[in-house]
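Keep in mind that what you see is a predicted model, and the values were worked out from it rather than measured. Residue numbers begin at 1 in each chain, while the letters A, B, ... track the order of the sequences.
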Number of protein chains: 2
Amino acid sequence: METREKLCRAALDAMNEVGYGRFATEDVAERAKVSRGALTHQFSSRNQLIIAAYDYLMTSWEHGWGQIARYPKRLEPVEVTDLLWNNLYRSPHYVASLEIMLAARNDDELGKGIRAIMVRWSAHRDRLIAQLLGTSASDKKTRQFVQMNLCVLRGIALNPNFSSETSSNVQGKLVEEWKRIVTSDFHFTTKP
Amino acid sequence: METREKLCRAALDAMNEVGYGRFATEDVAERAKVSRGALTHQFSSRNQLIIAAYDYLMTSWEHGWGQIARYPKRLEPVEVTDLLWNNLYRSPHYVASLEIMLAARNDDELGKGIRAIMVRWSAHRDRLIAQLLGTSASDKKTRQFVQMNLCVLRGIALNPNFSSETSSNVQGKLVEEWKRIVTSDFHFTTKP
DNA sequence: ACAAACAAACAGGGTTGTCTGTTTTTATGT
DNA sequence: ACATAAAAACAGACAACCCTGTTTGTTTGT
């Protein structure tokens, strides 16, 4: 594997495990089994590394979703919810993406880079979802549906970090509950 | 105001503005207009300061909710949703609480302190909500309703940091949408 | 006088960015 | 095919910086 890729993966792992606060380039180099010199050669600064790692993650999501969109089948709203949950929020590096976006909030330099990538990914995602639903990405109802799903699933994905619940599979039940709501509340298909 | 309180407030402000990553005790002392010596006298370590600030915030929430629970009126589910949104997720220091809890994920010492406070607050909150609904905090349906609301509103609260949307008041619309769903999907009141 | 609160200086650890030197790959001319 | 020059990639050392925790001394209140 290329050095850059190894470093991006290691950076995401580190971000997942230790969080932005304790994230250190030294640690990343070690995880990637690469010298610190190699890292500094590839990435001129810590922020550059983080931006590259984020870009790597978003690109991998884009590829994954590109495959999904090949299915010619038209999906029901609840199937889109399922897709989002299984292919985004259960991604092993979801927490990393969260840490990075939260950090980008305060750092202008980092924020600029991250935002550009996020805009690209968002557009890609929304276009694919609209395609799967058989609607347009600029359709108001579609946008609202997508926004709502992103919010709800994000909140559920974070639940383990915010809840004192210890019982198993709380997330699964919450997702099921939300899917039930989606099934009964959201409809896009034209009448037969 | 007492030094401890000034420091806790300043710590929450700092956590809000710069995030856990750039959070520094020096900065907190400056914001509180207090010498660093005073800070170290009150809090033996950085983690102790963070824990105290978190405790201060949770206690303030408990006081605020204590006032609300005095109203003898029984609330509809959607009114509880409204209450949660306006009294928790729109709290000026909500992001601070989020940063702290995310940081507590990796730091054992910090995590132990934060978790204890969170358990206390969660129990307090759930008990009050059940009281307002006229149900029991151990009631399964009630717990599910509360959990779901916390997740959804959390996701909505975070939306500005994760969305490329620039249009105004997206959050407001999402909350309205969720309230509509709550109104039609959740019922606790016994039939008349 | 005693203890708590405060003020400020200090040293130490850890992390980043830079710098210098070495190895490997690529390009080029014969 | 071979030699050689140039560029890219890598390795490691270094200094500078920031932040924390500690320590020592001063003020204030009881």
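With D/dA9, D/dC19, C/dC6 as the choices, the nucleotide that has an atom nearest any side-chain atom of A/Gln42 turns out to be D/dA9. With D/dA11, C/dA7, C/dT15 as the candidates, the nucleotide lying closest to the side chain of A/Ala24 is C/dT15. With D/dC10, C/dA8, C/dA5 as the candidates, the nucleotide lying closest to the side chain of B/His41 is C/dA5. Residue B/Arg46 has its side chain nearest to D/dG21 when only C/dG17, D/dA11, D/dG21 are considered.
For the pair A/Asn47 CG and C/dG17 C1', the interatomic distance rounds to 12 Å; values are reported in whole Å. Here the C1' atom of nucleotide C/dT16 and the CZ atom of A/Phe23 are 12 Å apart, to the nearest Å. Taking atom CG of B/Leu39 as the reference point, atom P of D/dT20 lies 9 Å away to the nearest angstrom. Remark: P of D/dC17 and CD of B/Glu26 are 15 Å apart, rounded to the nearest angstrom. B/Leu7 places its CG atom 12 Å from the C1' atom of C/dC6, with the value rounded to the nearest Å. Distance, A/Lys6 NZ to D/dC10 C1': 11 Å, rounded to whole Å. A straight line from CZ of B/Arg22 to C1' of D/dC19 spans 14 Å, rounded to a whole angstrom. Rounded to a whole Å, the CG atom of A/Asp27 is 12 Å from the C1' atom of C/dT15.
At least one cation-pi condition fails for A/Arg120 and A/Tyr54: the charged atom is not both under 6.0 angstrom from the six-membered ring centre and inside a 45 degree cone around its axis. Both the sub-6.0 Å distance and the 45° axial angle are satisfied by A/Arg154 relative to the ring of B/Phe162. Cation-pi geometry between A/Arg46 and A/Tyr20 is met: under 6.0 angstrom from the ring centre, within 45 degrees of the axis.
Checked by distance alone, A/Arg36 brings a side-chain donor or acceptor within 3.5 Å of a matching partner on the base of C/dG17.
Side-chain atoms of A/Ser163 never come within 3.5 Å of backbone atoms of A/Pro160 as a donor-acceptor pair (strictly under, hydrogens ignored).
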Candidate pair A/Arg9 and A/Glu5, rule salt bridge (charged side-chain N to carboxylate O under 4.0 Å, His left out), full reasoning: CA-CA 6 Å; A/Arg9 290 191 185 210; A/Glu5 189 175 354; 3.1 Å; yes

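No engagement by B/Phe43 is indicated, since no non-hydrogen atom pair under 4.0 Å with the nucleic acid exists. Residue contacts shown for A/Thr40 include a base, since a base heavy atom lies under 4.0 Å away.
Regarding contacts with the backbone of D/dT20, a side-chain N or O of B/Thr25 is found under 4.0 angstrom from either OP1 or OP2. Within the 4.0 Å cut-off from OP1 or OP2 of C/dC6, at least one side-chain nitrogen or oxygen of B/Thr3 is found.
Pairing for D/dA9 goes to C/dT22, judged as Watson-Crick or G-U wobble with the two contacts each under 3.5 Å.
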